[in-house]
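Keep in mind that what you see is a predicted model, and the values were worked out from it rather than measured. Only heavy atoms go into these numbers, but all of them, side chains included; no hydrogens, no water, no symmetry mates.
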Amino acid sequence: MARASERLAQSHRATHLHAQADAWQTADRLRRYCDAMSETHGHEPETAEWLAWAREYVDRLDPLSAPPTMPADPPARKDALQPHLPEGWRAEGPAHGRRQRPW
């Protein structure tokens with residue numbers, strides 16, 4: 001179970017890292033778009049208002065706008081642990097043809 005808990009934490013961290021990288025790529029793409037918008041139409045009052053909002057939005061979206069930290073480990077619930085257990089193991093406890101006891 002301890003190994004399954006560690007695998008669950010590692011999986012959660014990897015998912016979090018991928019989400020951060022995806023958000024960073026999106027922010028980078030939107031920043032470049034904002035730069036192009038500013039260069040092409042930044043002198044227009046309507047564009048300036050839209051551009052200001054867009055840049056604030058991108059800053060909120062970018063995970064690097066603040067120092068990244070380790071995500072909290074997810075709760076080690078039985079349903080979350082089950083995919084990280086060896087084949088044939090059950091998070092509810094051993095199965096030997098008798099009534100299961102919760103642990």
Side-chain angles (χ1 to χ4, degrees):
M1 292 305 285
R3 245 190 190 146
S5 291
E6 180 58 28
R7 288 180 184 147
L8 172 63
Q10 293 297 325
S11 176
H12 175 73
R13 292 170 188 164
T15 299
H16 194 77
L17 180 62
H18 283 274
Q20 284 182 330
D22 290 346
W24 175 73
Q25 283 183 326
T26 298
D28 182 59
R29 181 173 55 89
L30 292 174
R31 268 199 190 95
R32 286 183 283 126
Y33 176 73
C34 287
D35 291 345
M37 185 190 330
S38 177
E39 189 175 310
T40 308
H41 299 288
H43 61 282
E44 301 290 335
E46 299 84 5
T47 302
E49 181 181 2
W50 174 235
L51 188 57
W53 180 89
R55 289 191 189 278
E56 287 176 15
Y57 171 76
V58 171
D59 286 344
R60 289 190 309 272
L61 183 66
D62 189 349
L64 295 180
S65 293
T69 60
M70 179 75 75
D73 288 343
R77 296 183 326 264
K78 292 176 189 174
D79 61 327
L81 288 173
Q82 188 61 52
H84 303 284
L85 290 170
E87 189 172 333
W89 286 39
R90 296 179 51 190
E92 291 82 18
H96 299 292
R98 29 185 183 153
R99 190 171 176 191
Q100 298 296 309
R101 291 186 198 154
W103 22 296

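With sequence neighbours excluded, no residue forms a side chain to side chain donor-acceptor pair (under 3.5 Å) with Gln20. Scanning for ring-ring contact (aromatic ring centres under 6.0 Å, His included) contacts around Trp50 gives Trp53, with sequence neighbours left out. Here Arg55 pairs with Asp35 under the side chain to side chain donor-acceptor pair (under 3.5 Å) rule; sequence neighbours left out. Legend: residues meeting side chain to side chain contact (heavy atoms under 4.5 Å, CB included) with Ala9, ordered by chain and number and at least two apart, are Arg13, Asp73. Applying the salt bridge (charged side-chain N to carboxylate O under 4.0 Å, His left out) rule to Arg32 yields the partners Asp28; only residues at least two apart in sequence or on another chain are considered. Applying the side chain to side chain donor-acceptor pair (under 3.5 Å) rule to Asp22 yields no partners; only residues at least two apart in sequence or on another chain are considered. Under the rule for a side chain to side chain contact (heavy atoms under 4.5 Å, CB included), Pro83 has no partner lying at least two apart in sequence or in another chain.
Cluster membership check: Leu85 shares its hydrophobic cluster with Leu8, using side-chain heavy-atom separations under 4.5 Å among Ile, Leu, Val, Met, Phe, Trp and Tyr.
When side chains are defined from C-beta on, Tyr33 does not count as touching Val58, because their heavy atoms never get closer than 4.5 Å. Between Met37 and Thr47 there is a side-chain heavy-atom pair separated by less than 4.5 Å.
Within the 3.5 Å criterion, the main-chain N or O of Arg7 finds no donor-acceptor partner in the side chain of His12. Side chain of Ser38 to backbone of Cys34: no donor-acceptor contact under 3.5 angstrom is found.
Pairing each heavy atom of Ala48 with each of Gly42, the nearest pair is CB-O, 4.3 Å.
Among residues at least two apart or in separate chains, salt bridge (Lys or Arg N to Asp or Glu O under 4.0 Å) pairs with a member in residues 56-69 are Arg31-Asp59, Arg31-Asp62. Residue pairs meeting the salt bridge (Lys or Arg N to Asp or Glu O under 4.0 Å) criterion with at least one partner in residues 37-46, sequence neighbours excluded, do not occur; the list is empty.
Counting Ile, Leu, Val, Met, Phe, Trp and Tyr side chains that sit under 4.5 Å apart, directly or through other members, Leu17 stands alone, with no cluster partners.
Here CG of Asp79 is found 9.5 Å from CD of Gln82. Values are rounded to the nearest 0.5 Å. A distance of 10.5 Å separates NE2 of His84 from CD of Gln10, quoted to the nearest 0.5 Å.
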